[in-house]
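See below for the structure under consideration.
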Amino acid sequence: AIDSNFEVNRERVGEEDGVAVWGPVEPPEKQGIRGTHVAVDFDICLADGACLEDCPVDVFEWVDTPGHPESERKANPADEDQCIDCMLCVDVCPVDAIDVDPG
Ligand code: SF4
Ligand code: F3S
């Protein structure tokens, strides 16, 4: 499961499309955690898609990660600012790749 203390335990190494990137990032095998309020561990995500289908405000969008061992696309929390803290995505992700910090 995603480390809910990633903001302490990981280093913020940059930003992609306005979404924070938390390392380590060593493409293609290591893609890090993306997002802050809504965070997705790209190294755990296996492209199930439930988060994209169920999020009522369409926070997520697919990004391609060719060559990643788990899956070649990931759910990027591109519109995390829109999140209404319903926690549905956290509940439906089969591999607990998502962390949402309400408040
Ligand atoms: Fe979307 Fe709810 Fe997840 Fe926020 S907590 S990203 S609103 S499904
Ligand atoms: Fe990935 Fe979980 Fe969504 S596996 S696509 S973060 S439901």
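Counting convention: from 1, in listed order, for ligands and their atoms alike. All values below were derived from every heavy atom in this structure, side-chain atoms included, with hydrogens, water molecules and symmetry-related copies excluded.
- Heavy-atom contacts of V57 reach the following atoms of ligand 1: 7 (S) (cutoff under 4.0 Å).
- The hydrophobic cluster containing F6 does not contain V25, counting ILVMFWY residues as joined when their side-chain heavy atoms lie under 4.5 angstrom apart, directly or transitively.
- Smallest separation of non-hydrogen atoms from N76 and R34: OD1-CB, 3.8 Å.
- A donor-acceptor pair under 3.5 Å is absent between the side-chain atoms of E15 and the main chain of A20, judged by distance alone.
- Heavy-atom contacts of F60 reach the following atoms of ligand 1: 6 (S) (cutoff under 4.0 Å).
- By the criterion of a heavy-atom distance under 4.0 Å, the side chain of I98, and not its backbone, is placed next to ligand 2.
- The proximity of I98 to ligand 1, defined as any non-hydrogen pair under 4.0 Å, does not occur for either the backbone or the side chain.
- Screening D3, T36, D41, V13 for a side-chain contact (heavy atoms from CB on, under 4.5 Å) with W22, the sole residue that qualifies is T36.
- Of the heavy atoms in V95, only side-chain atoms (C-beta onward) come closer than 4.0 Å to ligand 2.
- Among the atoms of C86, none of the N, O or S atoms falls under 2.8 Å from atom 1 (Fe) of ligand 1.
- Contact annotation for W62 and ligand 2: only side-chain heavy atoms (C-beta onward) come within less than 4.0 Å of the ligand.
- With a 4.0 Å heavy-atom cut-off, ligand 1 is reached by the backbone of I84 and by its side chain too.
- L88 and V100 are members of different hydrophobic clusters when ILVMFWY side chains are connected at heavy-atom separations under 4.5 Å.
- Between G32 and D43, the shortest heavy-atom distance links the atoms N-OD2, 3.0 Å.
- Atom 4 (Fe) of ligand 1 has its closest protein heavy atom at C83 SG, 2.3 Å.
- C45 SG, 2.4 Å is the protein heavy atom nearest to atom 1 (Fe) of ligand 2.
- For ligand 2, the atoms sitting less than 4.0 Å from at least one non-hydrogen atom of G49 are 5 (S), numbered in the order shown with element in parentheses.
- At a cut-off of 2.8 Å, C93 is counted among the residues with an N, O or S atom near atom 2 (Fe) of ligand 2.
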Practice prompt. Give the intermediate values and the outcome of side-chain contact (heavy atoms from CB on, under 4.5 Å) for residues V21 and R12.
Written response: CA-CA 6 Å; V21 178; R12 194 183 192 281; over 6 Å; no
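- The protein heavy-atom contact nearest to atom 1 (Fe) of ligand 1 is C55 SG, 2.3 Å.
- Using a cut-off of 2.8 Å, one finds that C51 contributes no N/O/S atom close to atom 1 (Fe) of ligand 2.
- Minimum interatomic distance between A97 and I2 (heavy atoms only, all atoms of both residues): O-CD1, 3.5 Å.
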Discussion item. Could you walk me through whether D101 and E7 satisfy the side-chain contact (heavy atoms from CB on, under 4.5 Å) test, starting with their C-alpha distance in whole Å, then the side-chain angles of each, then the deciding distance to 0.1 Å, before giving a yes or no?
Written reply: CA-CA 11 Å; D101 260 337; E7 288 172 87; 3.8 Å; yes
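- When hydrophobic clusters are built by joining Ile, Leu, Val, Met, Phe, Trp and Tyr residues whose side-chain heavy atoms come closer than 4.5 Å, directly or via intermediates, L52 is not grouped with V92.
- The protein atom (non-hydrogen) at minimum distance from atom 3 (Fe) of ligand 1 is C89 SG, 2.3 Å.
- Atoms of ligand 2 lying under 4.0 Å from at least one heavy atom of A75, given by number and element, are 3 (Fe), 5 (S).
- S71 pairs in a side-chain hydrogen bond (donor to acceptor under 3.5 Å, both in side chains) with only one of the listed residues (H68, R73, K74), which is K74.
- Atoms of ligand 2 found under 4.0 Å from any heavy atom of L46, numbered from 1 in the order shown, are 4 (S).
- Ligand-side atoms of ligand 1 in range of M87: 2 (Fe), 5 (S), range being under 4.0 angstrom from any heavy atom.
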